[in-house]
Amino acid sequence: MRVFYVNLRTLRQSLLLVLYLLAIGIFFAYALLHQPYTPTSAAGSPIVYRVRTNEKVVALTFDISWGNKTPGPVLDILKKEGIKCTFFLSGPWVTKHPEIAKRIVADGHEIASHGHRHINLSQLPKEEIKNEILQAHESIRAVTGKEPRLIRTPNGDYDAKVLKAAAELGYTVIQWDADSLDWKNPGVETIINRVLQLTRPGSIVLLHASDTCQQTDKALPAIITGLRERKYKLVTVSELLKYGPGVAE
């Protein structure tokens with residue numbers, strides 16, 4: 001009969017090593033699911049902050065979720081200047097103000113989604129995230145006849161789960177690298193200076209045309225003049241993406 005001897009010290013060390021490796025695996029799995037995913041891949045990146053290019057092109061973008069007073073003056077300025085921009089529209093806003101949404105289309109601007117409820121999507125289960133995106137998609141399509149494929153998530157909030165849900169629905173998440181902070185109403189000159197200082201080739205500029213932003217339309221003419229004086233060409237986000245890969249930098 002064979003007799004087997006067990007070294008309890010060695011066994012204990014092995015068990016501790018297994019538990020340690022298991023804990024590391026759980027930690028990284030949690031991080032992957034809950035932390036923002038910021039890939040730096042080229043074309044096809046699920047999230048875009050700017051476009052990598054040496055050409056002096058820039059996209060002005062406007063989020064709209066509330067009100068009907070600010071959009072008109074903004075659209076008037078853009079039409080006067082002959083500029084096409086990208087508007088990220090929330091589903092409920094489009095349904096409530098269809099005439100403005102239709103004017104945005106008629107003026108030749110690009111239509112994109114700003115989601116349905118103005119909540120942080122990363123706090124929701126994946127299927128509910130998809131439902132939020134699809135509700136907004138249907139509202140926008142029903143009013144404008146356009147089927148957006150770009151989305152700026154409410155509050156700019158996202159994680160790996162949000163990016164995956166959007167990608168599975170054929171959407172690319174668009175962020176920004178030049179934040180005007182116009183939603184804080186910090187002063188017209190502050191808005192102008194921030195945009196002009198932060199803009200670089202391939203930039204995506206974040207602006208708002210909701211009624212809570214009361215200084216955007218006043219700052220917009222000087223922003224356009226300043227960018228043109230710096231030899232920038234103003235385009236939509238989809239046009240900007242033709243100049244190079246969208247990156248999360």
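Nothing here was measured: the structure is a model prediction, and the numbers come from that model. Only heavy atoms go into these numbers, but all of them, side chains included; no hydrogens, no water, no symmetry mates.
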Just do the side-chain contact (heavy atoms from CB on, under 4.5 Å) check on W183 and D63 with the steps written out, would you?
CA-CA 10 Å; W183 59 276; D63 294 355; over 6 Å; no

With side-chain contact (heavy atoms from CB on, under 4.5 Å) as the criterion, how do E168 and K126 come out once you've worked through the C-alpha distance, each side chain's angles and the decisive distance to 0.1 Å?
CA-CA 11 Å; E168 289 178 0; K126 183 180 174 184; 2.8 Å; yes

I'd like to know if [Y] and [X] are part of one continuous hydrophobic network [Ile/Leu/Val/Met/Phe/Trp/Tyr, side-chain heavy atoms within less than 4.5 Å].
X: F88; Y: V48; value: yes
X: Y49; Y: L241; value: no
X: V51; Y: V237; value: yes
X: Y158; Y: W176; value: no
X: I111; Y: V205; value: yes

Quick one: do E55 and K231 make a salt bridge, cutoff under 4.0 Å?
no

Please determine whether side-chain contact (heavy atoms from CB on, under 4.5 Å) holds for the pair I133 and K130, giving the CA-CA distance in whole Å, both sets of side-chain angles, and the decisive distance to 0.1 Å.
CA-CA 5 Å; I133 295 173; K130 285 187 172 183; 5.8 Å; no

Between [X] and [Y], is any pair of side-chain heavy atoms under 4.5 Å apart?
X: V105; Y: K146; answer: yes
X: L220; Y: L78; answer: yes
X: N185; Y: Q215; answer: yes
X: T86; Y: I174; answer: no
X: L169; Y: L134; answer: yes
X: Y171; Y: S113; answer: yes
X: E239; Y: T236; answer: yes
X: L207; Y: I223; answer: yes

What's the separation between atom [atom1] in [X] and atom [atom2] in [Y], rounded to the nearest 0.5 Å?
X: Q135; Y: I140; atom1: CD; atom2: CD1; value: 12.0 Å
X: T153; Y: L121; atom1: OG1; atom2: CG; value: 6.0 Å
X: L240; Y: S203; atom1: CG; atom2: OG; value: 8.5 Å
X: K69; Y: T212; atom1: NZ; atom2: OG1; value: 12.0 Å
X: L75; Y: D107; atom1: CG; atom2: CG; value: 5.5 Å
X: I64; Y: L89; atom1: CD1; atom2: CG; value: 5.5 Å

Give me the atom names and distance for the closest heavy-atom approach of [X] to [Y].
X: Q175; Y: I204; result: O-CG2, 3.5 Å
X: P46; Y: L163; result: O-CD2, 4.0 Å
X: I224; Y: E81; result: CD1-CG, 3.9 Å
X: A101; Y: T144; result: CB-CG2, 4.0 Å
X: S210; Y: S65; result: OG-N, 2.8 Å
X: L150; Y: S238; result: CD1-OG, 3.7 Å

Side chain [X], main chain [Y], donor-acceptor under 3.5 Å:
X: S180; Y: L206; result: yes
X: T199; Y: L196; result: no
X: D159; Y: K161; result: yes
X: D179; Y: L181; result: yes
X: D177; Y: R50; result: no
X: D217; Y: T70; result: no
X: D211; Y: N68; result: yes

For residues H118 and W66, establish whether the separation of their ring centroids is below 6.0 Å.
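Ring-ring flag for H118/W66: true, centres closer than 6.0 Å.
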
Trace of the side-chain hydrogen bond (donor to acceptor under 3.5 Å, both in side chains) decision for T61 with R152
CA-CA 10 Å; T61 67; R152 175 170 290 148; 3.0 Å; yes

Name the residue from Q214, H208, K218 that meets the side-chain hydrogen bond (donor to acceptor under 3.5 Å, both in side chains) definition with D182.
H208

Just one of E138, K102, E99 clears the side chain to side chain contact (heavy atoms under 4.5 Å, CB included) bar with V143, so which one?
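Looking at E138, K102, E99, the match for V143 under the side chain to side chain contact (heavy atoms under 4.5 Å, CB included) is K102.
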
Going through the distances and angles, do E110 and V235 end up as a side-chain contact (heavy atoms from CB on, under 4.5 Å)?
CA-CA 10 Å; E110 180 175 31; V235 299; over 6 Å; no

Is the number of heavy atoms from other residues, nucleotides or ligands under 6.0 Å of K79 NZ greater than 12?
no

Is there a donor in the side chain of K56 and an acceptor in the side chain of Y243, or the other way round, less than 3.5 Å apart?
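Distance-only check fails for K56 and Y243.
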
